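Convention: sequence-line order gives letters A, B, ...; per-chain numbering from 1. Because the structure is a prediction, the values reported are computed rather than measured.
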Amino acid sequence: MDPLAKQLSQYFGYDSFREGQRPIIEDVLKGEDVLGILPTGTGKSLTYQLPSLLQEGMTIVVSPLISLMIDQVKQLKAQGFKSVVAMNSFINYQERKRIMTNITQYKLLYISPEMLQNEWVLDQLTQIKVDLFVIDEAHCISQWGHEFRTDYLKLHVVLEQLRHPTVLALSATATPEVQDDILKKLKREGMKKRIYSMDKQNISFAVKELRSPEDKLVQITQLLQRTRVPAMIYFSSRQWAERAAVELQSKINQRVAFYHGGMEQTDRMLVQQQFMNDQLDVICCTSAFGMGVDKQNIRLVIHFHLPSQLESFIQEVGRAGRDGNPCVSLLLFSPKDHYLPQLLIEGELPDPNEISTILQKVDQYANNQGKLPDVEHILEELQLSESQWNFIHYQLEERGVFNGQSILQNADNTSLKTQLTKVVQQRWKYKQSKLTEMIHWIHSTTCRRTALYEPFQNHIRPPKVPCCDMCSFDIDQLDWQEGMSVIEEVSWQERLANVFAGGQKK
DNA sequence: TTGTTGATTATAAGGCCAATAGACTTTGCAGATAATC
């Protein structure tokens, strides 16, 4: 047994590596920067957890969600790793101070990109030796960084301040376009790419055109009356997610709940847990539900609304059938469906025609107090969404106008105005083209699978299930019992036994 | 001069048709502050 396999068995108790793990670990240990695209469920986290144990210095993991950090730390601690810790706003001030002053005790630190912008925290981290810098769910850089969470675009500065540790960027879905964007935004264009196929051989695809949203609900009701399997229904509106959940509850004999970002944290955790434990059959959710959801037996993913890009669709569909058993994706659309994603795009980017008004206002702030007022105040006064303002703020910070809350120079000049207008228009055009791609896909008359995965990889493996509605898969004819695991009622005795088993692998 | 006639114009009510405008709004962190136990 070679040393690496030995350490794998010693620390994690596995006999062998899964596809992709070993080459990435070897690269990382040699100090090479790697972009790793591994399908979900192939054990991405092991590719940095093992190196963190073998290296002398610290491993920092940038994670997009506090709940993900908590889960990971909990899981590692349960496995016996003591030197793991998470750093985010969930941790109170005293605790943060305690962690950071004893930072050398830890080998693995989970942290949010926002927290890495905290001067004091970063200063503490520069005092120690960081060997590996991991970006988990690295597509967030490209998907969220530009407008929604711009601190994702500032990671390259952090890397510089940490004196350039080895970088490992991990994701499950990234088109070549997104991959390049990640490398560019990290200023690591020479990074090695380790890309593994992400086409799922156990999904059958179907797209159906209906007259109205109401017809979609009827269609879903009929479908769920015929079958009872763990199912997710994706919506782009919280209101619709709730409405559909309520209607389905009254019409089908199944356990249905809704989930979205506007809910209380405790309710969200409860619903997610119930779904994971097979105590719910159907979940009506927005894109808030997904990351870190490791449920193996989801059989059906329905899209009630049109995602604004194929990447999101692939990510959402990819949550089905992690156990490898057959599963189905159904996308429903009606004639006016492009309107909603369009609205969402508009809500993310500032109007190019408003740029000069915004810059004028910034100069007013500069003259008044030399720094920016509360974000709420700005949003109210300029009638901008948070994302729109984040975008502007980041762009002006990049150009030396802002440094955090302070305004360093005048903003209202023609050069800045032209530059900003140009960037907005570029982003605008990009987002439009992604939406157009999605719309083309639903209207395409060729094989869905080929059209979907073609932009991502050269070779598409043949499916192990009926392929798609263009290749004579008919969702209405599907025998839902065959090959589909039906939810088993778990008795409280069994559940209790599972609790005592402490999540041990069967 | 008076009445009849057809042409023209103004006005209002109501029915019908075609074109057009408007409407469906996601994703999370951080850190200050107020309310509650």
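Taking CG of L109(A) as the start and OG of S52(A) as the end, the distance is 11.5 Å to the nearest 0.5 Å.
In this structure, E137(A) places its CD atom 17 Å from P of dT27(B), rounding to the nearest Å. When the C1' atom of dA30(B) is taken as reference, atom CH2 of W144(A) falls 15 Å away, rounded to whole Å. Across the protein-nucleic acid pair, M69(A) atom CE and dC29(B) atom P stand 7 Å apart, rounded to whole Å. For H139(A) and dT27(B), the NE2 to C1' distance is 11 Å, given to the nearest whole Å. What separates CG of N92(A) from C1' of dA30(B) is a distance of 14 Å, to the nearest Å. For the pair F391(A) CZ and dT27(B) C1', the computed distance is 17 Å after rounding to whole Å.
Heavy-atom minimum distance, I392(A) versus P350(A): CD1-CG, 3.9 Å. Contact detail for G292(A) and Q272(A): the closest heavy-atom pair is O-NE2, 4.5 Å. Across K97(A) and W120(A), no two heavy atoms sit closer than the pair CA-CH2, 3.7 Å.
Cation-pi geometry between K107(A) and F81(A) is not satisfied (NZ or CZ under 6.0 Å from the ring centre, within 45° of the ring normal).
Counted by atom type alone, S83(A) and Q105(A) present zero donor-acceptor pairs between their side chains at under 3.5 Å.
Residue contacts shown for R268(A) are limited to sugar-phosphate atoms, with no base heavy atom under 4.0 Å away. Within the 4.0 angstrom heavy-atom criterion, no nucleotide atom of any strand lies near D151(A). Residue contacts shown for P113(A) are absent, as no nucleic acid heavy atom lies under 4.0 Å away.
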Task: Criterion salt bridge (Lys or Arg N to Asp or Glu O under 4.0 Å) on E160(A) and K187(A), from CA distance to verdict - done: CA-CA 10 Å; E160(A) 210 169 293; K187(A) 301 220 164 146; over 6 Å; no
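Applying the 3.5 Å distance criterion, the base of dG28(B) shares a donor-acceptor pair with the side chain of E386(A).
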Side-chain donor-acceptor distances from residues 124-133 of chain A under 3.5 Å, at least two apart:
| from | atom 1 | to | atom 2 | distance (Å) |
| --- | --- | --- | --- | --- |
| T126(A) | OG1 | D123(A) | O | 2.6 |
| Q127(A) | NE2 | D123(A) | O | 3.2 |
| K129(A) | NZ | D131(A) | OD1 | 2.6 |
| D131(A) | OD2 | G57(A) | N | 2.5 |

N/O to N/O distances under 3.5 Å, protein versus nucleotides 31-34 of chain B:
| from | atom 1 | to | atom 2 | distance (Å) |
| --- | --- | --- | --- | --- |
| dG31(B) | OP1 | N118(A) | ND2 | 3.3 |
| dG31(B) | OP2 | R96(A) | NH1 | 2.9 |

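Qualifying side-chain contact (heavy atoms from CB on, under 4.5 Å) partners for S212(A), counting only residues two or more places apart in sequence or in other chains: E214(A), D215(A). Here K251(A) pairs with E247(A) under the side chain to side chain donor-acceptor pair (under 3.5 Å) rule; sequence neighbours left out.
When base pairs are accepted only as Watson-Crick or G-U wobble with both N-N or N-O distances under 3.5 Å, DNA chain B takes part in no stem of 3 or more pairs.
Of the residues listed (K434(A), K429(A), R427(A)), the one engaging K431(A) in a side-chain contact (heavy atoms from CB on, under 4.5 Å) is R427(A), and it is the only one.
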- [ ] Would you mind building the protein contact string for nucleotides 18-26 of chain B? One character per nucleotide, 5' to 3', B for base within reach (heavy atoms under 4.0 Å), S for sugar-phosphate only, - for untouched.
- [x] -----BBBB
